[in-house]
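Below: one structure, written as C-alpha cells.
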Amino acid sequence: LISYQRADLSGPKESRYILVPVDQPERIRAALESALAIRVVVNKVRSVYIHRNVRIHLDEVAQLGTFLEFEAIVGGEHPPEVCQQRLAQLHQHFAIQAGDLVTGSYADL
C-alpha cells in the first residue's frame, strides 16, 4: 500500500511517500472499501527500469494509454542538482517536450 504526497504540477516535483507491506491484500482492500468509498479503479501494468538513481516507470494504463515516468531518488551521493541534471538528460534522450508532461494522477485522467 503506497500513500503519495506531492504537488499536482507538471514537471519535476518532490514526492514523499509511505510504503506499507501488505501480506493480506484482499483483507486490506475489504477494510478500505468498508471505511472509504472507491472513487476510481486504475488498472495498469508497470515495468520498472533503473538508471543510476533514477527509476524509469513504463506504464500501460487501461483506457488511457502508455506513460513514461522518471523518479529520481535524492539523497547522499545524489543531491537535488545532480538528480535534476539526470532527469533533464533522460527527457532529452526520450525527446520529451514540456507539452508532453501530464499534470495529475491516472485517477484524475
Run the side-chain contact (heavy atoms from CB on, under 4.5 Å) check on Leu101 and Thr103 step by step: do they pass? CA-CA 7 Å; Leu101 302 179; Thr103 302; over 6 Å; no
Give the C-alpha distance, both sets of side-chain angles, the deciding distance and a yes or no for side-chain contact (heavy atoms from CB on, under 4.5 Å) between Asp100 and Phe94. CA-CA 11 Å; Asp100 297 330; Phe94 287 98; over 6 Å; no
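- Here the CD-CD1 distance, from Glu71 to Ile50, works out to 9.0 Å after rounding to the nearest 0.5 Å.
- Atom OG in Ser15 sits 9.0 Å away from atom CD1 in Ile73 (nearest 0.5 Å).
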Worked verdict on Phe70 versus Arg86 for side-chain contact (heavy atoms from CB on, under 4.5 Å): CA-CA 10 Å; Phe70 305 130; Arg86 288 184 181 154; over 6 Å; no
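- Between the CD1 atom of Ile38 and the CZ atom of Arg29 there is a distance of 5.0 Å, given to the nearest 0.5 Å.
- Cys83 approaches Val74 most closely through the heavy-atom pair SG-CG2, 3.7 Å.
- Following chains of ILVMFWY side-chain contacts shorter than 4.5 Å, one can reach Val102 starting from Val61, so the two form part of one hydrophobic cluster.
- Annotation: the span from Arg52 atom CZ to Gln89 atom CD amounts to 6.5 Å, rounded to 0.5 Å.
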Assess whether side-chain contact (heavy atoms from CB on, under 4.5 Å) is satisfied between Val54 and His78, documenting all intermediate values. CA-CA 10 Å; Val54 179; His78 308 290; over 6 Å; no
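- Environment of OH in Tyr4: crowded, with over 12 heavy atoms of neighbouring residues, nucleotides or ligands closer than 6.0 Å.
- His93 NE2 to His51 NE2: the interatomic distance, rounded to the nearest 0.5 Å, is 8.5 Å.
- Across Arg39 and Ala107, no two heavy atoms sit closer than the pair NH2-CB, 3.7 Å.
- Residue Gln5 places its CD atom among 12 or fewer non-hydrogen atoms of other residues, nucleotides or ligands, all under 6.0 Å distant.
- Around the CZ atom of Arg46, the shell of radius 6.0 Å holds more than 12 heavy atoms that belong to other residues, nucleotides or ligands.
- Hydrophobic clustering, with ILVMFWY side chains joined whenever heavy atoms are under 4.5 angstrom apart, keeps Leu64 apart from Val41.
- Within a 6.0 Å sphere centred on CD of Glu33, heavy atoms belonging to other residues, nucleotides or ligands number more than 12.
- Residue Ile28 holds its CD1 atom at 8.0 Å from CG of Asp23, rounded to the nearest 0.5 Å.
- With hydrophobic clusters built from ILVMFWY side chains whose heavy atoms lie under 4.5 angstrom apart, Tyr106 does not share a cluster with Leu32.
- Around atom CG of Leu19, more than 12 heavy atoms belonging to other residues, nucleotides or ligands sit under 6.0 Å away.
- Note on Val48: it does not cluster hydrophobically with Leu68, by side-chain heavy-atom contacts below 4.5 Å among ILVMFWY residues.
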